[in-house]
> 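The following block contains the structure, expressed as structure tokens.
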Number of protein chains: 2
Amino acid sequence: MDHPAVVRLLEAHAIRPSAQRVAIAGYVLATAEHPSADQVWRRVKLEFPMVSRATAYNTLKLFVEKGLLRELVLAPGYAVYDPNTAPHHHFLDEDRGSIHDVPWSALTVDLVGDLPDLEVRNVSVVLRGRRRS
Amino acid sequence: MDHPAVVRLLEAHAIRPSAQRVAIAGYVLATAEHPSADQVWRRVKLEFPMVSRATAYNTLKLFVEKGLLRELVLAPGYAVYDPNTAPHHHFLDEDRGSIHDVPWSALTVDLVGDLPDLEVRNVSVVLRGRRRS
DNA sequence: ATATCTCTTAGACTGCGTCTAACTATCTAC
DNA sequence: GTAGATAGTTAGACGCAGTCTAAGAGATAT
């Protein structure tokens, strides 16, 4: 995605396109790597050194709020970002530590028992295992 | 579990019962808190200051190898220990930010399509929503 | 008793996340 | 157009989780 396209995309989501935000968006909206916030920060810093950690974290949270990104909370205190906001699941390769998308249609989830006091809005499934070579 | 019982248990699993190992076992084999290795270390240090971090980590790994504990890898770089693990899912309360256990039997996951090159060992489902008062 | 093997130590290092106080840029009201 | 308010950014400190290493203490075997 080139620079003006990123700017238009941000503006279309009511996000003021500061230089830092454009730099962060330019990377994170195009990657298939499922990076953590820290990984985004370090990567963007290479080409745009004047981005602070706090800005990277704030910006990613903002993008999630505005629907540009999806946040995948793998564990309390460890989240990962995904520009694919269409519904899908995830596979976590426990050997390599890599994360892959799994089509939404690859599995179904059925609520069997009743969870009377829980109002479920969203179901996210994380498969863990290893990848056969 | 009292001290001699811990010693017997360790010996029954072919683990030499050093003072550090007994202290660690005394806590982690009795807790229901699903602590991380760091949490175990800090907790044990309170009553037994002469335990180093490396020893806590080494000892927990040893206990897992010997079948005394189960290690739950929640994400790459974040594991949790459980002396008596029952599989369960999680419900994330988006209002309060709290996490609740959901019984394993409350839902079923069916793999519909085929994922030929993925060897799935574990399926974890995160339900998101709000808790009805 | 000595040589070997096992166990433990302190501390340095990385990754990830959160927070704050101060600074700059942008917008709005007048 | 300037003043004040709001929005955005910064560096750095802090906490938690995990890994590693060099060195030494302790147990075991012969």
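Protein chains get the first letters and strands the later ones, always in sequence-line order, with residue 1 at the start of each.
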> Of A:Ala79 and B:Ser52, whose closest DNA chain C nucleotide lies nearer the 5' terminus?
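Its nucleotide being nearer the 5' end, the pick is B:Ser52.
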> Could you give the OH-to-P distance, from B:Tyr78 to D:dG15, as a whole number of Å?
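Checked: the OH to P distance equals 18 Å.
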> Return a table of donor-acceptor pairs under 3.5 angstrom between the side chains of residues 9-23 of chain A and protein atoms on other chains or two or more places apart.
residue	atom	partner	partner atom	Å
A:His13	ND1	A:Leu9	O	3.0
A:Ser18	OG	A:Arg21	N	3.2
A:Arg21	NH1	A:Arg16	O	3.0

> Starting from C1' on D:dT19, measure out to CH2 on B:Trp41 and report it in whole angstrom.
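After rounding, the reported distance stands at 13 Å.
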> Check the phosphate of D:dA17 against B:Gln39, side-chain N and O only, distance under 4.0 Å to OP1 or OP2. Yes or no?
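Affirmative; the distance criterion is met.
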> Which word best sums up how the rings of A:His89 and A:Trp104 line up, parallel for under 30°, tilted for 30 to 60°, or perpendicular for over 60°?
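Because their plane-to-plane angle is under 30°, the rings of A:His89 and A:Trp104 count as parallel.
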> Report yes if a side-chain nitrogen or oxygen of A:Ser36 is closer than 4.0 Å to either non-bridging phosphate oxygen (OP1 or OP2) of C:dC16; otherwise report no.
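Looking at the OP1 and OP2 atoms of C:dC16, one of them is under 4.0 Å from a side-chain N or O of A:Ser36.
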> May I ask you to check whether A:His90 and A:His34 place their ring centers less than 6.0 Å from one another?
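That pair passes the under 6.0 Å test.
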> Applying side-chain hydrogen bond (donor to acceptor under 3.5 Å, both in side chains), name anything that partners B:Tyr27, two or more places apart in sequence or on another chain.
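Checked B:Tyr27 against side-chain hydrogen bond (donor to acceptor under 3.5 Å, both in side chains); matches are B:Glu33.
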> Select one nucleotide: of C:dA10, C:dT20, C:dC7, the one nearest the side-chain heavy atoms of B:Arg21.
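Nearest nucleotide to the side chain: C:dC7.
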> Rounded to the nearest angstrom, tell me the gap between atom CD1 in A:Ile99 and atom C1' in C:dC16.
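The answer, rounded to whole Å, is 14 Å.
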> Among residues 55-65 of chain A, which contact DNA chain C at a heavy-atom distance under 4.0 Å?
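Correct list: A:Tyr57, A:Lys61.
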> I need the minimum non-hydrogen distance between A:Val28 and A:Pro35, along with the two atoms involved.
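Minimum heavy-atom contact is CG2-CG, 4.4 Å.
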> Show me, pair by pair, the donor-acceptor contacts under 3.5 angstrom made by side chains of residues 42-56 of chain B, not counting sequence neighbours?
residue	atom	partner	partner atom	Å
B:Arg42	NH1	B:Asp38	OD2	3.0
B:Ser52	OG	B:Thr55	N	3.3
B:Ser52	OG	B:Thr55	OG1	3.2
B:Arg53	NE	B:Asp38	OD1	3.3
B:Arg53	NH2	B:Asp38	OD1	3.1
B:Arg53	NH2	B:Asp38	OD2	2.8

> Can you tell me how far C1' of D:dT9 sits from NZ of A:Lys45, to the nearest Å?
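About 15 Å, once rounded to whole Å.
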> Distance check needed: C:dC16 C1' versus A:Glu71 CD, whole Å only.
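In whole Å, C:dC16 C1' and A:Glu71 CD are 13 Å from each other.
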> Considering only heavy atoms and no angle criterion, is a donor-acceptor pair shorter than 3.5 Å present between the side chain of B:Arg53 and the base of C:dG11?
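Answer is no: no donor-acceptor pair is held.
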> What integer distance in Å separates B:Asp38:CG from C:dC13:P?
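After rounding, the gap between these two atoms is 18 Å.
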> If you only use heavy atoms from C-beta on, which nucleotide in C:dG17, D:dA17, C:dC16 is closest to the side chain of B:Arg42?
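Nucleotide nearest to B:Arg42's side chain: D:dA17.
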> To the nearest Å, how far apart are A:Ile24 CD1 and D:dT9 C1'?
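So the CD1-C1' distance, A:Ile24 to D:dT9, works out to 10 Å.
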> All N/O contacts under 3.5 Å from nucleotides 22-30 of chain D to the protein, with atom names and distances to one decimal?
none

> Tell me which nucleotide among D:dA17, C:dC19, C:dC16 gets nearest to the side chain of A:Ala54.
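Looking only at side-chain atoms, A:Ala54 lies closest to C:dC19.
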> Show me the donor-acceptor pairs within less than 3.5 Å that the side chains of residues 60-76 of chain A make with the rest of the protein, sequence neighbours left out.
residue	atom	partner	partner atom	Å
A:Arg70	NH1	A:His88	O	3.2
A:Arg70	NH1	A:His88	ND1	3.3
A:Arg70	NH2	A:His88	O	3.1
A:Glu71	OE2	A:Tyr81	OH	3.1

> Would you compute the distance between atom CZ of A:Phe91 and atom CG of B:Leu118 and round it to the nearest 0.5 angstrom?
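Nearest 0.5 Å value for the CZ-CG distance: 4.5 Å.
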> Any side-chain to backbone donor/acceptor pair from A:Asp82 onto A:Asn84? Under 3.5 Å, distance only.
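Yes.
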